[in-house]
Amino acid sequence: MVATSFDYQKATSVEQAISLLQSHDGDAKLLAGGHSLIPTMKLRLNSPALLIDVSKIEELRGIREEDGHIVIGAMTTHYEIASSDLLAKKAPMFVEAAKVIGDIQVRNKGTIGGSLAHADPAADWPAVVIASGAKIKIHGPDGARTVDADDFFTGFYTTAVGENDVLTSIHVPVPPKGSKSTYAKFPQPASRYALVGCAVQLTMDGNKVSDCSIGFTGVSDAAFRDSNAEAALKGKELSGESIQAAADACADGVDIMSDHFASEDYRKHLAGVFLKRALENLK
Amino acid sequence: MHLEGTHSLNAPPQEIWNLLMDPETLARITPAISRLEPLGDDKYKAVAEVKLGPVKGSFEGQMAVADKKEPEHFTLLIEQKSRMGNANAEGRIQLNPIGDNQTEVNFTGDAKLSGTLARMGQRVLGGVANSMVKQFFQNLESELKANA
Amino acid sequence: MTYIGKSVKRVEDQRFLTGKGNYTDDIVLPGMTYAYIVRSPYAHAKINGVDTSEAAALEGVVAIFTGEDVKEIGGVPCGWQVNFKNGDTMKEPPHPLMVRDKARHVGDAVAMIIAESKEIARDAADLVDVDYEELPAVVNAAEAVKDGAPLVHDDVPKNMCYDWELGNPKEEVDAAIESAHHVTTLEFVNQRVAPNPIEPRAAIGHFEAARDHYTLYTTSQNPHLTRLLLSAFTLGLPEHKVRVVAPDVGGGFGSKIFHYTEEALVIWASQQIERPVKWTSDRSEAFMTDAQGRDHVTKAEMGFDEEGNIVGLRINTFANLGAYLSTFSTCVPTWLHGTLLQGVYTTPKIHIDLTAVFTNTVAVDAYRGAGRPEATYLLERLIDTGALEMGMDPADLRFKNFIPPFDGVEQEGYMTQVALQYDSGNYEGVLKRALEMVGYENFRKEQEEGRKNGKLMGIGFSTYIEACGIAPSAVVGSLGARAGLYESAQVRVQPTGKVSVYTGSHSHGQGHETTFAQVVADKLGIPLEDVEIVHGDSEAVAFGMGTYGSRSLAVGGSAIVKSIDKVLEKGAKIAAHKLEAAVDDLEFAEGKWTVKGTDKSIGFADISLTAYVPHDYPENLEPGMDFSSFYDPANFTYPFGAHVAMVEVDKDTGKVTLKRFVAVDDVGNVINPMIVEGQIHGGLAQGIGQALFEETIYDENGQLINGSYMDYTMPRADDLPSFEVDRQVTPCPHNPLGVKGAGEAGTIGSTPAVVNAVMDALKPFGIKNLAMPLTPERVWRYMQE
Amino acid sequence: MATTINVSVNGKKYQDEVEGRLLLVHYLRDKLRLTGTHVGCDTSSCGACTILVDGKAVKSCTMLAAQADGATIKTIEGMAEKGKLHPLQEGFKEKHGLQCGFCTPGMIMTAANLLEDNPHPSDEEIRHALEGNFCRCTGYHNIVEAIKYAADKSKGGDIEHADAKELEKPLFEVPS
């Protein structure tokens, strides 16, 4: 397996990466952990002329708390997230999800930013960032902007990141007191991507759900926030009944993917099952 | 790979028909096709640039319009070759009038992939069929708006 | 010191554990070039032309060959002839090294690029322009024989390679089934699977013009057979000038038995360019070109009388051979499958009707178990389903129908209705032991409890038999084999008493370097470290038939014993001379010849030194101590066992979790229990893989749509439980070691046990039959209906 | 355009010019001739190519040599020290955790990462940790045992030897 010939350049700053992207007019790609990109290039399903390695840019790494948010640098690896004390304390869903991404080797090298920008419809992170209400920061030729995770995934492998943009960080609001979150996943048996992945964040007011957000991955051509299922829970007690109602309401009105691992109706059914399991975890 | 979709548009069938029979418009709205050069007999040389997430490559081949019944239906036959495999697609487009000024456009077809695309693309391309049809309708809609 | 029966740690491990293994792709020869093969993206397509000009112009490309260049070469042969029912010989269309008229499966070779580096070869491949005209393809075996189906080979009507039958006269079996009290009928597909050794195939061809000599390094389970086929058939090379080396080989599971086109191509190309040529398969390429396994479409009927005794078995099967005949593909669905339909039961009437067909898919050939798993699957599914339908316990139904124990010595071997005579067996023994290990009564109680709480637990059985060490040569010859199936071994005692053993068996994970050495050291009474086992090089080993069909120890090991006997016989003569005694007065034990009843003795090393320094030596005795033997077995060997799977099915998702797996196998005598257990474990994983995960999925155009590890599911560590294995020992009566073979047992027994367990779990839903693999969606869907 | 890399592999320093597309696994195998690291698939799925980069298990078929610039790499060839096998290597041998040996280097390197993070893993944790590594020979049973052996050994615990239970059974009867 040999990729087509390309140039490799290590970027030392976000600005440099952007200007390299600009000067290559769509024929350059950013290289983060490489776990999505390199296999495709080996299969020659993609042959960029230049790879810009952004993994060593210091400002893109690390996890820190800032203004009520936890900021995760785009080049932070799944492993670093899985072993972050800060996240374990403040946003444990991230730790939980990081531990079930790929395998040890993938977690050591793969990055959250790379995964989000790649937007594989079956990747784990999209569901989690959506449910956490995160904002995603993107630097482009015209400066920086932030996009709500809900609006970030625009379609099949497409995101709000433009051709000459660099996804730089993920800003996760520190969940209020009384919040709970979890990620439940049914892995595709061969690749271990999510056949269905469901991330849920709940805020309880007494025994009622005061707020909740639900993100799904693996179900449709892009990860999405499921407001129907959320509506079935808001203001309700977390009971067998409300959980069932949410499961019945979920993944409604979305185009559901189908492949030889899961047909459309089975996938839809699984979405309900895994939403239920996630909610049971939070009971 | 089965392709299917239905979409209602605010224009009579004839208007949509005229748009679709114009090679330049057809090239613009057919997903991935970037250029159509008429070869006569409703056949075109077609050049495509596919960019779908991790997959990017150029295709070259033919596209033909067959089985025409104005302004009701026609069939698009697309044969595209590339280094990552070949794609052959056949799609029937049906224009059903709804009232005076609306049309239900129905797309149904099949695409056949070969080579690396067929073998490796399953997980990657599972969603392509859907998004291609969706894109086709979206493009058609914006063409109509632009013409209005 | 005795070594036999001890879990001696493997001597080969040292190099594998330290990264010093020597696999084919690790080898670099001076001046080596790299080949990349351009393959058809279509399953069936006419080739109107191949334009290589642009590729040839790329700097670093050394040569490009196409089907046109190799058209004078006939192609690779098939090693087994099967005849039609009417006596006509099977259809045997050519299997060319590269095609020029049409491609018959995705991956059929069209052009071969040879370049200075693998990067350049790969780049050049993108520049080769092949003009294909796609043709309709046929993929399914049962469809391929229908009128109007596309023809894979223009001159093979109905795509039929042969039809074939075996067993009692058809009318007798029909009558038995028709008059049966109860008939269990199942229709199923034994799905196609990919063997997937983790080491992809590779081959290096090295022609040396100066000495008119050819060397092939290849990932093969049987280098000598490859040499024979290359020389006598494919390329017509002078066999004495061909050396085939199969160095360390990273697993085979059957897929590396066969002589592949790439082996001939690299040798031929090396001759053309007079430089070494290396080809290494990608995993994607492996999915397109390695022979795959199974792929039967079957209707099976088993008749029972009122007490549950089996009265008849009728089988109708379509076997998919793929686009071309691979080396042994024709014997797998016939002589390795039909002959196993007796199973371990006393079924009095058996008939199988089988049609083998060509399709536009890669060849199907032996995959771990080869034919025997397919036979076992249908028998064991039928008997569990029969029990379910008749309201009997599946274990009881088996006990009722078992062939009673026989040792093959006091009691004669058991003559089956399907051409075999079993050597020795105690089938009820293994099932009894397995039930003890399971705690069967308890399980049934738990299952009942579980069902009340909505928990779906199931238990499944499989009592299998297999035929290993396929033999004797005269018999297999009469059945159509175009090769003998014996084994050779040379035991060379060096002057200092160290021993080199040259075996025609080939180890690619089985641990022969240890097991065989244990036999030798034990029999000669010398330390294990004084023995070296040499294999895998046709220049070192006189001849060999390789390793497959669990034959190595039963056949290869027996050949070694034969040579050791010759060593001891000669040693005794020298010892008698040195000790001034008669040969009959000597006894050999613990590496010494001793004059009976005295303390006069002489050691093995003294004798070997004497043999090479024959100053004081028996008259008329040749110096030296080096013996070769060929061992042609008297019969197959028949390992058997009882496997029990316990599963839980997730009602919500349909996912099957294997909770426990108990296997009691009887593989005859055991030389190294650790290695035997390892073989069983690995076999279980592959059999479980077929039951729950694995399947090559071709679309109607013949495209394999799950041709990568991202889409083809193989068991990973967290998919499997720890296995509970035990043994029973019923020695093989007809070979000197009493061994039967352990390589395939796990795979053969486990698949139906798992499926039966899932069916048992799903009993409340009234489901009797589900297609493998039992994927979550399949199971879930059936629970909904 | 070639890139210059500086790497330390098994304690030795190398400086090399590499093409952008050269994978780390091919750099190790073809350039440094460290052929203990294997390639078993195209899709980063099988784990046969696993090595340690800066102490972490990485699939070297999914990493460019250029990305390894400045890294400290350990391959299977660097595991044994002064001729003494690493406890994992010893465990694989003692527990028969390998057959054909092709997946073994990757298994050992992955297990090394596991034991670094979690010195006393449960069976379940071991099986989970191996989900990026295929073995087609062993059925994983003995690989799990091998890793437990290494974990036990490093904490100086008792190691149950495979032989003990074997001696109780009849193993060999001479056929009459």
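To find a chain, count down the sequence lines: A is the first, B the second, and so on, and within it residues start at 1. If you're wondering where the values come from, they're calculated on a predicted model, not measured in any experiment. Note: hydrogens, waters and symmetry copies are ignored here, and every other heavy atom, side chains too, is used.
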Quick check on [X] against chain D: is it the side chain, the backbone, both or neither that has a heavy atom closer than 4.5 Å?
| X | value |
| --- | --- |
| C:I675 | both |
| C:D248 | neither |
| C:L684 | neither |
| C:Q679 | both |

Quiz item: Which one of C:G511, C:G250, C:S722 has the most heavy-atom pairs closer than 4.5 Å to chain D?
Solution: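 The candidate making the most pairs under 4.5 Å is C:S722.
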
Tell me the residues of [range] whose non-hydrogen atoms fall below 4.5 Å from those of chain C, in number order.
| range | answer |
| --- | --- |
| residues 96-125 of chain D | D:H96, D:L98, D:Q99, D:C100, D:G101, D:F102, D:T104, D:P105, D:I108, D:D123 |
| residues 65-77 of chain D | D:I76, D:E77 |
| residues 31-40 of chain D | D:R33, D:T35, D:G36, D:H38, D:V39, D:G40 |

Between [X] and [Y] (side chain of the first, backbone of the second, donor and acceptor by atom type, cut-off under 3.5 Å), is there such a pair?
| X | Y | result |
| --- | --- | --- |
| D:R29 | C:D25 | yes |
| D:H141 | C:F723 | yes |
| D:R136 | C:P195 | yes |

Quiz item: For D:T138, which residues count as a side-chain hydrogen bond (donor to acceptor under 3.5 Å, both in side chains) partner, sequence neighbours excluded?
Solution: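 Applying side-chain hydrogen bond (donor to acceptor under 3.5 Å, both in side chains) to D:T138 gives none.
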
Exercise. For the residue pair C:K9 and D:E94, establish whether any side-chain heavy-atom pair is separated by less than 4.5 Å.
Key: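 A side-chain contact exists here, since the closest heavy-atom pair is under 4.5 Å.
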
Exercise. Check each atom of D:H26 against the heavy atoms of chain C and say whether the ones under 4.5 Å are side chain, backbone, both or neither.
Key: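 Side chain only.
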
